[in-house]
Each structure stands twice: as C-alpha cells, then as structure tokens.
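Below is one structure, written out as structure tokens; comments come after it.
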Protein chains: 2
Amino acid sequence: MARKWSISASDSREPPHAPRRKTDSVLNLLGRRIVTGEYAPGDQLPTEAELGKRLKVSRPSLREGLKVLSVKGLVESRTRRGTHVRQRRDWDLLDPDVLRWMATGKPDPELLISLLEVRAIIEPAAARMAAQRAAPAQIAAIEQAYHAMAASLPHDVEACCRHDLELHEAIIDATGNILLRRLAQAIRTTLLAFFRLSANARESYENSLKEHWAVAAAIRRHAPAEAERAMRLLLAGTARDTAPAFAAPVGHKRRRTRASQPEKSDPQAKQTREERNDPEKAAT
Amino acid sequence: MARKWSISASDSREPPHAPRRKTDSVLNLLGRRIVTGEYAPGDQLPTEAELGKRLKVSRPSLREGLKVLSVKGLVESRTRRGTHVRQRRDWDLLDPDVLRWMATGKPDPELLISLLEVRAIIEPAAARMAAQRAAPAQIAAIEQAYHAMAASLPHDVEACCRHDLELHEAIIDATGNILLRRLAQAIRTTLLAFFRLSANARESYENSLKEHWAVAAAIRRHAPAEAERAMRLLLAGTARDTAPAFAAPVGHKRRRTRASQPEKSDPQAKQTREERNDPEKAAT
DNA sequence: TATGACAATTTGTCAGACAAAATAAGAAAC
DNA sequence: GTTTCTTATTTTGTCTGACAAATTGTCATA
C-alpha cells in the first residue's frame with residue numbers, strides 16, 4: 001500500500017535528494033505515468049479529490065502539479081468534464097521533464113529518429129559556428145571534455161558517455177547562441193538515456209575517439225568547414241552504432257515509410273550527394 | 001487546418017482582456033512584468049500574501065501561477081528567502097509563453113540574432129527533408145499557404161506575414177519530425193512579432209514572393225538540393241530586409257564581436273564558400 | 001419526440017490555519 | 001571584542017473545509 005512517490009529512487013541525476021516539495025513529487029509521478037502510457041491519451045484521470053486521497057496530498061498541492069502538467073501539454077482540465085490526458089502530438093517535446101519521462105520508458109522510435117535528425121542538422125552547423133567564434137576558454141572547455149572522455153574510456157563507459165555529452169554541449173555553448181544552448185539542454189537527458197541503451201558503447205567509443213578529436217582540433221584551429229565535416233563524420237558513426245539497438249521495435253507508429261520517396265528517383269540526387277554525405281540517411 | 005491546438009495555458013489568440021482562469025491571468029501578468037524587466041533578475045518580489053492582495057487573488061491561485069513561472073525558469077522560491085527573479089540565462093527560451101512575453105517588450109538583439117541563426121540552420125535542412133518526404137496533402141498545404149500569401153499581398157501585409165509563417169511551418173510539418181515541429185511552434189510568435197516590426201515589409205514581400213515559390217516548387221518536384229538552396233536564398237533575403245530594423249539597438253550585450261574571427265584568416269575559407277553561400281553571414 | 005428546467009458533479013476559487021525551513025537577532029562563553 | 005550557540009521571526013509549503021461556476025445528465029412537460 002505504501003505508494004512509492006520517491007522519485008529520487010529512479011532519478012540518476014540527483015540521487016541524494018528526497019522529494020522536498022510534494023507538488024513536485026505529484027508532478028513527477030503523474031507525468032511519468034502519463035508518458036509511459038499508464039494513463040493513455042484521452043483517458044480521464046480520477047477526480048482531484050480521489051487523486052489527492054490516493055497520492056496522499058491535499059488538493060492545492062495536487063492542483064499545482066496538475067497545473068504544471070497542463071502547461072507541459074500532458075493534460076487538460078475543464079470544469080465538470082474532469083482532467084483528460086492529451087494526445088501525444090500536444091505534448092511539449094522540448095520540455096526537459098517530458099523528455100526525461102519519455103526516456104525512462106521504452107524507447108520511442110519516432111522520437112529517436114527525430115532526435116538523430118535534429119542532431120544531424122544542428123551539430124555540424126554548431127561546430128562550424130564554434131570554429132568561427134569560440135573564445136579561448138570555450139576551446140579549453142571542449143578539449144577538457146575530450147580528455148576526460150579519453151581518460152575514462154577503457155574502464156568507465158558511463159563516465160565516457162557523460163563527458164561525450166559535455167563535449168557536444170561545450171561546442172554548442174561556444175556558438176554563443178542562446179536558443180541552441182537551450183535546445184541542447186532539452187535533449188541532454190534523452191540523448192544520455194539512448195546512449196546508455198547502446199549495447200556496444202565501448203567499442204563504439206574506441207572507434208570514434210579520434211573523430212571526436214578531429215572536431216575539437218578543427219575548432220581550435222578556427223577551421224569552420226573542417227569542423228563541420230568532422231562533426232558530420234562523427235555523427236554518422238554514432239548513428240550507425242546506435243541505430244541497431246532500436247532496430248527491433250521499429251515499424252511502430254511512423255506515419256509514412258521513410259523510403260517512400262527513394263532518392264534515386266530524384267533527378268537532384270547526384271548533386272545532393274556531392275554537397276554532403278548525408279548523416280541522416282544512416283540514422284534511419 | 002488544425003491550428004486549434006494551443007500548448008500553453010494562455011494562447012496568443014486570446015484577447016488580452018478575457019483571462020478566464022485567475023491563475024492564468026496571474027501567470028501572464030507576472031511573466032510579462034519579469035520579462036520586460038519590471039522585476040529585474042535577482043529582485044525579490046513581494047511575499048505571496050502581499051502579491052495576492054495586490055493582484056486580488058487568493059494565495060492558492062497565486063501559487064499556481066508562481067509555480068508555473070518557476071518551471072519556466074523565471075523565478076525561484078525558497079522558504080524564508082522569498083521568490084526571486086532568476087537570471088536571464090535560466091529562462092526557458094523555448095517556452096512559447098516566455099518568447100511571447102519577450103516579443104512584447106523591446107526587441108532583444110541577442111535573441112533576434114540567435115533566432116535568425118537557428119532559422120538559417122533549421123529551415124534549409126527542413127526544406128531538404130520536406131522535398132524528400134512530403135506527402136501530397138502536405139505539399140498542398142505548403143502551396144495553399146503560398147497562394148494565400150500572394151493573394152493578400154498588396155493590401156494586407158499583416159495577413160501576408162501570417163501566411164508566410166504558415167508556409168514555413170507547413171514545410172517543417174512535412175519533415176515529419178516531431179521535435180522540429182515543436183521548435184517551429186515555439187519560435188512562431190517571436191518571429192511574427194519581429195516580422196511586424198520590419199518596416200518595409202511590403203516591398204520585402206514583393207521581392208521575395210518568387211523566392212517563396214521556388215522553395216514550394218522544389219518541394220513539389222521532390223528536389224531536395226534545390227529546395228535547400230532556394231530556402232537559403234529566401235532566408236538570406238529575409239535577414240537582409242529584417243536586420244536594418246534592429247541595427248540601432250545592437251551593440252548591447254553580445255559577448256564578443258561577431259567578426260572577431262574573420263573567415264579570410266581561415267585556410268578553409270574557400271572550401272567553405274564552395275559548399276554553401278553562408279546565409280548566417282547576412283544575418284549578422 | 002422534442003424541449004426546457006432542474007439537479008448533480010467536477011473543477012475553479014477562496015479563507016484561514018499550521019508546519020517546516022532558513023535567516024536574523026540575541027545571549028552566553030571565550 | 002569576537003565567536004558560537006540558542007531562540008525568534010519571517011516566508012514559503014501544506015492542509016482543511018467550504019463555496020462558486022460551469023457543464024453535463026436527467027426528468028418532467030408540451
């Protein structure tokens with residue numbers, strides 16, 4: 001009967017913290033239940049009085065959590081109709097909490113693909129901008145992350161993952177673009193969760209270390225084009241190593257098949273190949 | 001079209017005078033005050049009792065709004081310390097409400113530049129993906145937006161702005177990428193606000209109509225490379241027309257000058273120019 | 001069958017109170 | 001005079017109970 005609303009048990013980022021505020025524990029618990037499908041879209045969840053009794057919180061505290069869930073697009077409340085779970089398309093997929101909750105459940109192929117595509121778009125451009133603008137301190141941060149990666153490689157893959165993420169975020173930080181910075185921050189946890197699921201992370205890292213360094217070196221030398229190309233290579237490799245882990249659950253809810261417009265039928269295809277070597281292709 | 005969805009509690013379509021729920025009116029009022037600087041970062045705002053008296057709402061209602069502000073990163077509350085306005089870097093710049101509030105105040109050069117850069121990164125890639133994958137219905141939506149633009153051009157610039165945005169969003173929608181979709185949704189209002197401030201919008205549109213059509217046509221013909229290039233051209237023109245309106249207040253808080261690393265000093269520069277014609281250069 | 005008034009249910013809002021936490025102030029010891 | 005411990009106070013955090021508003025379901029009536 002003892003309901004576990006201790007979120008900290010499953011939260012890896014801040015283990016020692018008990019849920020200080022009850023409204024936050026409500027938020028996390030309900031958010032996770034909705035995102036994992038325990039409450040399905042369209043479902044009406046219990047009345048506030050009932051929910052409060054079950055979760056053992058007062059109605060004001062419950063309502064604060066519910067209100068936050070509603071601004072994150074997960075639920076919608078109306079008088080007399082109750083509060084209903086909204087459709088997935090309405091969820092705020094750039095909200096760190098939502099992404100974190102989604103990362104705890106079974107990986108969603110559509111989200112994974114979208115995430116890899118966004119990276120393939122953002123990061124080469126970010127590397128390019130970083131090479132143009134990075135200040136010495138920012139370059140130092142990038143290289144420090146790289147060295148931390150290399151140092152922790154053979155034994156501590158988990159730490160390597162973290163420093164990998166640090167490196168990518170340091171690059172985005174060096175662009176000086178506040179929106180990109182926030183975007184990187186949003187996808188951080190999801191990316192980390194997906195990396196963890198990648199089975200052969202260690203060999204993958206051993207292969208890609210020099211690719212990481214190529215990016216860092218190009219940024220240090222202020223060579224935008226080279227940084228962009230190096231990042232494309234790096235991402236292509238990462239996608240190649242990550243994709244197999246999710247090959248099984250694919251074919252789920254994707255609206256259209258990805259190959260419905262084969263590029264070979266496109267007269268511009270050759271020209272396309274000349275311009276770039278399509279990391280997003282490898283992501284599918 | 002399904003333009004009904006509003007992810008945030010307070011939609012921009014809603015007139016400023018009709019906040020049904022008090023907690024939303026609190027949210028909007030305080031949010032706007034914070035973003036416009038009426039409450040500066042670091043400031044401690046009045047106690048909940050005092051604020052409730054001033055805004056004429058009860059403490060629970062006030063607290064719901066305050067809680068939402070805290071998840072948006074605008075404020076932070078602690079017992080005995082009160083609730084303080086957080087630093088700008090902590091604000092959730094991908095939150096539609098925050099961006100909307102920022103768009104109401106005087107335009108922030110840093111945000112504008114970041115926004116133009118993000119567009120320059122995202123949209124060419126999106127056009128490319130759309131050309132690869134767009135379903136007939138999505139192509140129709142794109143072209144419909146274009147025709148609406150063209151129809152409302154000479155007399156109704158405001159409507160033209162809206163349909164312009166519709167066109168860009170239809171393209172991003174056609175990528176099938178749920179994260180990109182959410183991103184476009186976030187920057188929608190800000191972009192619209194900035195467009196409105198652009199003085200010579202009409203002439204700008206008259207010049208760029210054919211550039212818009214070039215993008216749509218390339219997507220219809222499923223020509224990715226051409227769509228990408230056309231979008232680059234379009235954005236370069238838009239940036240050129242938009243930037244002058246904000247030339248005056250620039251030189252504000254940008255950490256470094258943008259040209260501190262002139263590309264000519266980069267040995268890779270020529271190669272870079274071959275690959276793309278640098279729309280983000282025009283954005284600066 | 002259609003229609004209107006009425007009742008029931010659920011969220012929205014309010015008021016007041018106590019608990020918890022963290023700072024500020026003051027007292028005691030050195 | 002300075003330091004340290006204790007105490008007091010302020011502010012958020014939470015609870016209880018109640019009423020208002022809105023919307024739906026029901027039932028009586030034409």
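Below, chains carry the letters A, B, ... as their sequence lines are ordered, and counting in each starts from 1.
Salt bridge B/Glu64/A/Lys67: absent, no basic N to carboxylate O contact under 4.0 Å. Using a 4.0 Å cut-off between a side-chain N of Lys or Arg and a carboxylate O of Asp or Glu, B/Arg133 and A/Glu117 qualify as a salt bridge. Using a 4.0 Å cut-off between charged side-chain N and carboxylate O, B/Glu166 and B/Arg162 make no salt bridge.
Put simply, CZ on A/Arg21 is 18 Å from C1' on D/dC15, counting in whole angstrom units. The NZ atom of A/Lys67 sits 20 Å away from the C1' atom of D/dG13 (whole-angstrom rounding). Atom CZ of A/Arg59 is separated from atom C1' of C/dC14 by 11 Å (rounded to the nearest Å). The separation between B/Asp24 atom CG and C/dT11 atom C1' is 13 Å, rounded to whole Å. Note: CZ (B/Arg63) to P (D/dG13) measures 5 Å, nearest angstrom. Taking atom CG on B/Leu27 and atom P on C/dT13, their separation rounds to 12 Å, with Å as the unit. In this structure, CG of A/Leu55 is placed 13 Å from P of D/dT14, rounded to the nearest angstrom. Rounded to whole Å, atom C1' of D/dT23 lies 13 Å from atom CD of A/Gln44.
Closest-nucleotide positions on DNA chain D for B/Glu48 and A/Leu62 were compared, and the one nearer the 5' end corresponds to B/Glu48.
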Could you walk me through whether A/Asp92 and B/Arg182 pass the side-chain contact (heavy atoms from CB on, under 4.5 Å) check? CA-CA 7 Å; A/Asp92 185 354; B/Arg182 171 64 178 74; 2.5 Å; yes
Using side-chain contact (heavy atoms from CB on, under 4.5 Å), reason through A/Arg88 and A/Asp108 one step at a time and then give a plain yes or no. CA-CA 12 Å; A/Arg88 284 181 55 119; A/Asp108 176 11; 2.4 Å; yes
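A sub-4.0 Å separation between OP1 or OP2 of D/dC15 and a side-chain N or O of A/Lys22 is present. Proximity of A/Ser61 to the phosphate of D/dC15: a side-chain N or O atom is located under 4.0 Å from OP1 or OP2.
Across every non-hydrogen atom of A/Pro41 and A/Trp91, the tightest pair is CG-CZ2, 4.5 Å.
Residues from residues 75-86 of chain B placing a heavy atom under 4.0 Å of any atom in DNA chain D, listed by number, are B/Ser77, B/Arg78, B/Thr79, B/Arg80, B/Gly82, B/Thr83.
Atom CD of A/Gln144 has 12 or fewer neighbouring heavy atoms from other residues, nucleotides or ligands inside a 6.0 Å radius.
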